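The structure under discussion appears below in the form of structure tokens.
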Amino acid sequence: MIKDTLTALAATHINPVGDANETLDPGATNSQLINILNTIVGSLGIVAVIVVIIGGVLYMTSSGEPGKVKKAKDTILYGIIGLIICALAFAIVNFVISQIGA
């Protein structure tokens, strides 16, 4: 039911090139959506890794000063939390889209 509704909605509203009688292939639409969302989540994962690296550099250059060490540890923690969120988002997006497309 959800698949038919989404397909009908996409065929009537998201068809900028074809005519009104042309139908969309739901498998191709799901594949494109998965690719776009995975690219976004992957990019955010790369940003999270960069944040962890920046935190590591801050930690190494903190010279033992408590304020700088805390800032560096917090930066590393936030980067790791970001990685976990990206991994969960990747899993959830792929699961939901596969269930809608089933």
Side-chain angles (χ1 to χ4, degrees):
M1 182 172 123
I2 293 174
K3 178 181 174 184
D4 297 333
T5 305
L6 289 175
T7 304
L9 181 67
T12 57
H13 290 60
I14 311 174
N15 196 0
V17 221
D19 59 2
N21 296 327
E22 185 178 336
T23 59
L24 295 174
D25 178 20
T29 305
N30 286 346
S31 174
Q32 290 172 347
L33 185 61
I34 288 174
N35 287 339
I36 291 169
L37 292 174
N38 285 343
T39 302
I40 292 170
V41 170
S43 299
L44 292 174
I46 291 171
V47 170
V49 169
I50 291 171
V51 168
V52 171
I53 291 171
I54 290 171
V57 170
L58 288 174
Y59 189 75
M60 290 177 7
T61 59
S62 67
S63 302
E65 295 178 29
K68 289 183 178 180
V69 170
K70 180 177 179 354
K71 180 180 177 185
K73 285 182 178 180
D74 288 344
T75 303
I76 293 170
L77 176 67
Y78 298 149
I80 291 172
I81 290 171
L83 281 172
I84 292 169
I85 289 172
C86 285
L88 290 173
F90 177 80
I92 291 169
V93 164
N94 286 315
F95 174 75
V96 168
I97 298 224
S98 70
Q99 293 303 310
I100 288 174

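Keep in mind that this is a model prediction, so the values were computed, not measured. Just so you know, these numbers use all the heavy atoms, side chains as well, and skip hydrogens, waters and symmetry mates.
Rounded to the nearest 0.5 angstrom, I40 CD1 and F90 CZ are separated by 13.0 Å. Atom CD1 of I76 and atom CD1 of I53 lie 11.0 Å apart (nearest 0.5 Å). Of the inter-residue distances, the one linking C86 atom SG with I81 atom CD1 reads 12.0 Å to the nearest 0.5 angstrom. If you take CG on L83 and CG on L44, they are separated by 10.5 Å, rounding to the nearest 0.5 Å. A distance of 12.5 Å separates CD1 in I85 from CD1 in I80, rounded to the nearest 0.5 Å.
In the hydrophobic clustering of ILVMFWY residues, with side-chain heavy atoms under 4.5 Å counting as a link, L88 and V52 come out together. A continuous path of ILVMFWY side-chain contacts below 4.5 Å connects I100 to I92, so both sit in one hydrophobic cluster.
Of all heavy-atom pairs spanning A48 and G79, the tightest one is CB-O, 3.7 Å. Contact record, N35 with T39: O-OG1, 2.7 Å, taken as the closest heavy-atom pair.
For residues 56-77, the side chain to side chain donor-acceptor pair (under 3.5 Å) pairs, not counting sequence neighbours, are K70-D74.
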